[in-house]
Enquirer: 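Quick one: this structure, given as structure tokens, is what I'll be asking you about.
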Amino acid sequence: MSQHIIMALTKAIGLLGGMTWLSTVDYYSILCTKANERAGGRYFPKIYISSINLQKFVDFVETDNHEGNVALLVHEAQKLEAAGSECLAICSNTPHLYAVEIAASIRIPLIHIADATANVISAQGFKRVALLGTRYAMGAAFYGVKLEKHGIELVPLDEVDFEWVAKTIVDELTYGKFIESTRQGYLRLIERLGTQRVQGVILGCTEIPILLKDCTSAIPMFDTMQIHCDEILLYAFES
């Protein structure tokens, strides 16, 4: 297939980002790099980005203002659609708390990060995994529901680990602070989860893969950002 034909078939991608901008930058970089590896030449995908004010989003989350965040995210999603996006991806795990409302507000498909992740885990045959993310993502049902459809058990963290992970994300990762002692703490936690018969760990905050970049573990780590980008490009190229 020639490059010109590939360009004609590729869908324009809408990215709803800013939660945080750090991972949004990586989404853009990964999508451009992987698309170019596939298409060659000077080909890069058409991408529209709306980067919201993270403080406003966090304020709504922390005050349990579900309607406030629905209105905020739906408004931006609709702007991306109006700009010409032919699919939408949210560049963060936690805002998928509002995915149902966002998807219902637009005519283009929303590519769900937990659907993509559950598909990859299922394809690898794992049946028991843990999730690391914000307290809101870990406490929500959307990952568990997606995994359960594949017969995969989501093992909850104990209270101490839950609070530690949530605190490091809020106090460090969302501020772009990637500290070596925290990196080692995550690796120890992942190793400890392996002793509890956990077969893999979902890096369910898109800043965690930034923290653990180039790190290895005997327990498979599922990088939701990379997985999500692969699914976005699968739709953009092949649908």
Side-chain angles (χ1 to χ4, degrees), residues 1-54 57 73-96 99 102-103 105-121 123-124 173-174 176 178 202-216 220-239:
M1 182 179 291
S2 74
Q3 180 177 331
H4 294 299
I5 295 174
I6 290 173
M7 290 177 68
L9 293 179
T10 303
K11 302 290 191 296
I13 300 165
L15 297 180
L16 183 50
M19 301 164 282
T20 67
W21 69 268
L22 295 159
S23 59
T24 304
V25 168
D26 278 359
Y27 264 87
Y28 181 76
S29 176
I30 292 166
L31 288 169
C32 287
T33 299
K34 289 189 172 186
N36 184 255
E37 287 172 353
R38 178 168 181 168
R42 295 184 179 88
Y43 173 77
F44 298 98
K46 182 70 173 179
I47 298 176
Y48 298 92
I49 301 176
S50 178
S51 185
I52 71 162
N53 182 346
L54 178 60
F57 174 81
L73 299 177
V74 162
H75 179 65
E76 298 304 320
Q78 290 175 341
K79 287 200 297 185
L80 287 167
E81 181 180 23
S85 301
E86 296 171 89
C87 62
L88 178 72
I90 307 170
C91 303
S92 181
N93 283 273
T94 300
H96 284 78
I102 295 169
S105 76
I106 54 179
R107 295 181 299 276
I108 58 177
L110 171 66
I111 300 173
H112 199 296
I113 197 168
D115 273 326
T117 302
N119 288 339
V120 168
I121 294 171
Q124 295 189 22
L173 305 191
T174 59
F178 301 105
I202 300 170
L203 306 185
C205 164
T206 47
E207 283 70 45
I208 296 177
I210 301 174
L211 174 72
L212 299 182
K213 185 178 181 180
D214 299 326
C215 292
T216 58
M221 297 183 289
F222 293 96
D223 180 342
T224 55
M225 180 161 47
Q226 293 280 353
I227 291 169
H228 201 196
C229 286
D230 287 340
E231 189 71 13
I232 293 164
L233 289 176
L234 183 65
Y235 177 81
F237 272 104
E238 298 184 1
S239 60

Enquirer: Looking at Ala89 and Ile232, what are the two nearest heavy atoms and their distance?
Expert: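 That closest heavy-atom pairing would be CB-CD1, 3.4 Å.
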Enquirer: Determine the minimum heavy-atom distance between Thr117 and Ile202, stating which atoms define it.
Expert: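 Here Thr117 and Ile202 meet closest at CG2-CG2, 4.1 Å.
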Enquirer: Once rounded to the nearest 0.5 Å, what's the spacing between atom CG of Leu54 and atom OG1 of Thr174?
Expert: 6.5 Å
Enquirer: Can you tell me how far CD of Glu86 sits from OH of Tyr48, rounded to the nearest 0.5 angstrom?
Expert: 8.5 Å
Enquirer: So, does Gln78 use its side chain to make a donor-acceptor pair with the main chain of Ser105 at under 3.5 Å?
Expert: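 Answer holds: yes.
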Enquirer: Output yes when a side-chain donor or acceptor of Thr33 lies under 3.5 Å from a complementary backbone atom of Ile30, and no otherwise.
Expert: no
Enquirer: Would you compute the distance between atom CD1 of Ile13 and atom CD1 of Ile49 and round it to the nearest 0.5 angstrom?
Expert: 10.0 Å
Enquirer: To the nearest 0.5 Å, how far apart are CD1 in Ile210 and OG1 in Thr20?
Expert: 6.0 Å
Enquirer: Which residue is it: Asp223, Leu173, Ile113, Ile90? I am looking for the one with a side-chain contact (heavy atoms from CB on, under 4.5 Å) to Thr206.
Expert: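 One option only clears the test, and that one is Ile113.
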Enquirer: So do the side chains of Met221 and Leu212 get within less than 4.5 Å of each other, counting heavy atoms only?
Expert: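 Yes; the side chains approach each other to less than 4.5 Å.
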Enquirer: Are Ser23 and Met225 packed together at the side-chain level, in the sense that at least one heavy-atom pair is separated by less than 4.5 angstrom?
Expert: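 Contact flag for Ser23/Met225 side chains = yes.
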Enquirer: For Cys91 versus Thr24, what's the shortest heavy-atom pair and its separation?
Expert: CB-OG1, 4.0 Å
Enquirer: Shortest non-hydrogen contact from Gly176 to Phe178?
Expert: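 What the structure gives for the nearest pair is O-CD1, 3.5 Å.
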Enquirer: Which pair of heavy atoms, one from Pro95 and one from Leu73, lies closest together, and at what distance?
Expert: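 In this case the closest contact between Pro95 and Leu73 is CB-CD1, 4.1 Å.
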Enquirer: Is a side-chain donor or acceptor of Thr224 paired with a backbone partner of Leu203 at a separation under 3.5 angstrom?
Expert: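 Yes.
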Enquirer: How would you list, by chain and number, every residue that makes a ring pair (Phe, Tyr, Trp, His ring centres under 6.0 Å) with Tyr28, sequence neighbours excluded?
Expert: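 Result, ring pair (Phe, Tyr, Trp, His ring centres under 6.0 Å) vs Tyr28: none returned.
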Enquirer: Could you pull out the closest heavy-atom pair between Tyr27 and His228, with the gap in Å?
Expert: OH-ND1, 2.8 Å
Enquirer: With no hydrogens and no angle check, is any side-chain donor or acceptor of Glu231 less than 3.5 Å from a backbone partner on Ile111?
Expert: no
Enquirer: Does any non-hydrogen side-chain atom of Cys87 lie less than 4.5 Å from one of Ile108?
Expert: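 No, their side chains stay 4.5 Å or more apart.
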Enquirer: Keeping to residues at least two apart or across chains, list the salt bridge (charged side-chain N to carboxylate O under 4.0 Å, His left out) pairs with something in residues 24-35.
Expert: Lys34-Asp230
Enquirer: Distance-only, no hydrogens or angles: does the Thr10 side chain make a donor-acceptor pair with backbone N or O of Pro45 under 3.5 Å?
Expert: no
Enquirer: Between atom CG of Asn93 and atom CE of Met19, what is the distance when rounded to the nearest 0.5 Å?
Expert: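 Between atom CG of Asn93 and atom CE of Met19 there are 11.0 Å.
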Enquirer: Spell out, as yes or no, whether a donor-acceptor pair under 3.5 Å connects the side chain of Asn36 to the backbone of Cys32.
Expert: no
Enquirer: Nearest 0.5 Å, please: how far is OG in Ser92 from CG in Leu15?
Expert: 12.5 Å
Enquirer: With a 3.5 Å distance limit and no angle check, can you tell me whether Ser29 reaches the backbone of Val25 through a side-chain donor-acceptor pair?
Expert: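 The answer is no, because no donor-acceptor pair under 3.5 Å joins these two groups.
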